[in-house]
Amino acid sequence: MTQPIEDYALIGDLMTSGLVGRDGSIDWLCLPRFDSAACFARLLGDEENGHWRIAPLGAADDERCTRRAYIDGSLVLESYWETETGTVKVIDFMPQRDVAPDVVRIVEGISGTVRMLSTLRLRFDYGHVVPWVRRSDGDRVAVAGPDSAWFHSDPPVRTWGEANSTRSQFPVTAGRRVAFVLTWHPSHEPRPEPTDPFTALETSLADWREWTSQCCYDGPYREAVTRSLITLKALTYAPTGGIAAAATTSLPEELGGVRNWDYRYCWLRDSTLTLGSLLTTGFLDEARAWREWLLRAVAGAPEDLQIMYGIAGERRIPESELPWLRGYASSAPVRVGNAAVDQLQLDVYGEVIDSLHLARSAGLPAESHSWRIQLALLDFLEQNWRRPDEGLWEVRGPRRHFVHSKVMAWVAADRAVRTLEDDPSLPGEPDRWRAMRDAVHRDVCDHGFDPERGTFTQYYGSSELDAATLLIPRVGFLPPDDPRVIGTVDAVRAELGRSGLVRRYSTTDSVDGLPGDEGAFLACSFWLADALHLTGREDEARVLFEHLLTVRNDVGLLAEEYDPVSGRQLGNFPQAFSHVGLVNTALTLAGMGHRTTGAG
């Protein structure tokens, strides 16, 4: 049985992550990095593609825990099971690693006596490879090609092999704890030093609480903001500072559909909104690391700028399909890699330059080469902003003159002018960028606005709408009280609205070149709340934001999209863009949001 996406909780060690279902099963885990092949891929297939379930003996396959929650200020998950014979909890986490990645699961008796069953099915290479499992020094070791994993219990419990799985059965009484540690390492290397699970628990809680204590936000909705910031931190690849867009690949935007993509990479367009949320809430180290990742990733010839990179800045992300996986809820194909990496999306030039301008304005020390990179990007954009592109939604149809792409070209020129005005000692030609800024502005207003309907459209000559135009007042292209802004907000809400939330665009005869439909896009719904607030409709903005909070699952996580009809989360999970949207809208409602006011 396929669990709803919202039934999963996230665990991670700042280099990779896993998803734990309410049935006690870890159904997704990539080792050793976010973008590595999964060793548990039941999420996209079935039990034979790998998972690790710990639950009371006799619990039905679809039986769920009674309740669960993260321990305050951490990514340590507690799941409680109440049975006829007693109550037990399972603590799941991944300690921040020293050498090798560990998954730690501690079973603790609360009352009575509960017999527990652990079923571990390791399947390397996205559920495709069954490893050879043997005993060694009282533990189990699984090996297949380059991958090796050790399975250890403390104290030792009865363990046996059955049906290509490793099973353990044991009782727990009140106060008794039984811990399991799964450790991965390259098979050609010696076994890492075993991890003490109980010490690791205390250290992990201390690490997360120390990090969370840096948050300087103390306004409304603090719990939701903090949980979203923890999620963003959990999606950060610590060695480089890159932030993965999501922990998963191929979770569908429509159940049974083909809109299934790999989001375990870093998108440039996330940079400005993410940087703003980190800077405003006090996480300067993370903001600086993200800025440095950005500078390393975009270095090179401007015409070679990509829309996304690997978590360490890799450029090659070839897309392929995994035919042995049936897909989540039979939503095939399952894809790894992302062919959109080769698309032309002109908006990313504006997002990069806006990010670096924001970092400079916030007082982050500027790198000496940063401005030279921006000038090179501007030179390229000046010659190319009039070209059609695939746009921020990465359509796989024909290139168009997308309004949002042109608006972000305006942002690039505008931020260059502002930077030179703030620091005239920098090399540059402010009059040149003012001329470009004015030219883009005229072009968008002349060709991207429908005067009869009073709204900006998705692309030049189109009657379709695009939720990305909700960002026009936020980036300063036009002031919030401009009738064209108000008309756009009203039109998007009326035509793209779905039970109070917002779709990205209409998928009926759309430009994305794909069949099927998709859910309401959560980031866009937060943008609508921002736009309502900016245009003076604060009460409506707050009502929408509070409705969006109810879409979160029981542990505060959001996927990419939501289907209001079925009440199901859709798309990759958890989605950084959705959580950035939550944080930024909370800041906006608290009067702390980042917005640039431009002349228009």
Side-chain angles (χ1 to χ4, degrees), residues 4-10 22 67-75 77 212 215-235 246-247 251 270 273-274 276-278 280-281 467 470 474 489 492-493 496-504 519-534 537-594:
I5 292 171
E6 59 270 18
D7 269 12
Y8 287 98
L10 180 73
R22 294 194 66 165
R67 67 185 189 278
R68 63 178 182 172
Y70 287 112
I71 297 177
D72 288 347
S74 79
L75 201 69
L77 180 71
T212 308
C215 182
C216 65
Y217 179 74
D218 197 28
Y221 315 110
R222 190 178 191 280
E223 178 276 329
V225 169
T226 301
R227 179 50 52 193
S228 288
L229 289 168
I230 290 172
T231 304
L232 291 175
K233 178 66 172 177
L235 292 172
L251 288 181
D270 296 7
L273 297 174
T274 303
S277 66
L278 293 172
T280 307
T281 53
L470 293 169
R474 184 186 183 99
V489 174
V492 167
R493 182 159 62 160
L496 297 182
R498 179 175 288 181
S499 299
L501 306 181
V502 179
R503 295 170 293 159
R504 296 184 293 178
F521 202 80
L522 294 175
C524 294
S525 301
F526 286 113
W527 296 349
L528 175 59
D530 293 339
L532 289 170
H533 185 273
L534 291 174
R537 290 170 275 188
E538 291 89 351
D539 290 343
E540 294 175 54
R542 193 172 300 278
V543 168
L544 174 54
F545 180 73
E546 292 179 353
H547 175 47
L548 282 161
L549 292 184
T550 67
V551 171
R552 298 180 304 153
N553 73 356
D554 60 313
V555 290
L557 300 180
L558 291 169
E560 180 184 25
E561 299 182 4
Y562 182 74
D563 180 4
V565 176
S566 66
R568 295 280 299 271
Q569 293 198 29
L570 298 171
N572 284 304
F573 176 89
Q575 179 83 359
F577 216 27
S578 299
H579 285 280
V580 169
L582 187 155
V583 173
N584 285 332
T585 300
L587 295 174
T588 295
L589 295 175
M592 300 170 60
H594 167 70

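All of these numbers come straight from a predicted model, not from anything done at the bench.
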Where at least one partner belongs to residues 565-586, residue pairs that pass salt bridge (Lys or Arg N to Asp or Glu O under 4.0 Å), sequence neighbours excluded: Glu6-Arg568
Just grab all the salt bridge (Lys or Arg N to Asp or Glu O under 4.0 Å) pairs involving residues 570-593, residues at least two apart or on different chains. none
Of all residues at least two apart in sequence or in a different chain, which pass the side chain to side chain contact (heavy atoms under 4.5 Å, CB included) check with [X]?
{"X": "Arg503", "answer": "Leu496, Arg498"}
{"X": "Ser74", "answer": "Ile71, Val76, Leu205, Trp208"}
{"X": "Glu540", "answer": "Arg493, Leu532, Arg537"}
{"X": "Asp554", "answer": "Arg22, Arg68"}

With sequence neighbours excluded, what pairs up with [X] under the side chain to side chain donor-acceptor pair (under 3.5 Å) test?
{"X": "Asp270", "value": "none"}
{"X": "Thr585", "value": "Asp530"}
{"X": "Tyr221", "value": "Arg542, Glu546"}
{"X": "Ser228", "value": "His579"}

Restricting to salt bridge (Lys or Arg N to Asp or Glu O under 4.0 Å), what partner residues turn up for Asp539, sequence neighbours left out? none
Which side-chain N or O atoms in residues 555-562 pair as donor and acceptor under 3.5 Å with protein atoms at least two apart or in another chain?
from   : atom 1 : to     : atom 2 : distance (Å)
Glu560 : OE2    : Tyr263 : OH     : 3.0
Glu561 : OE1    : Gly519 : N      : 2.8

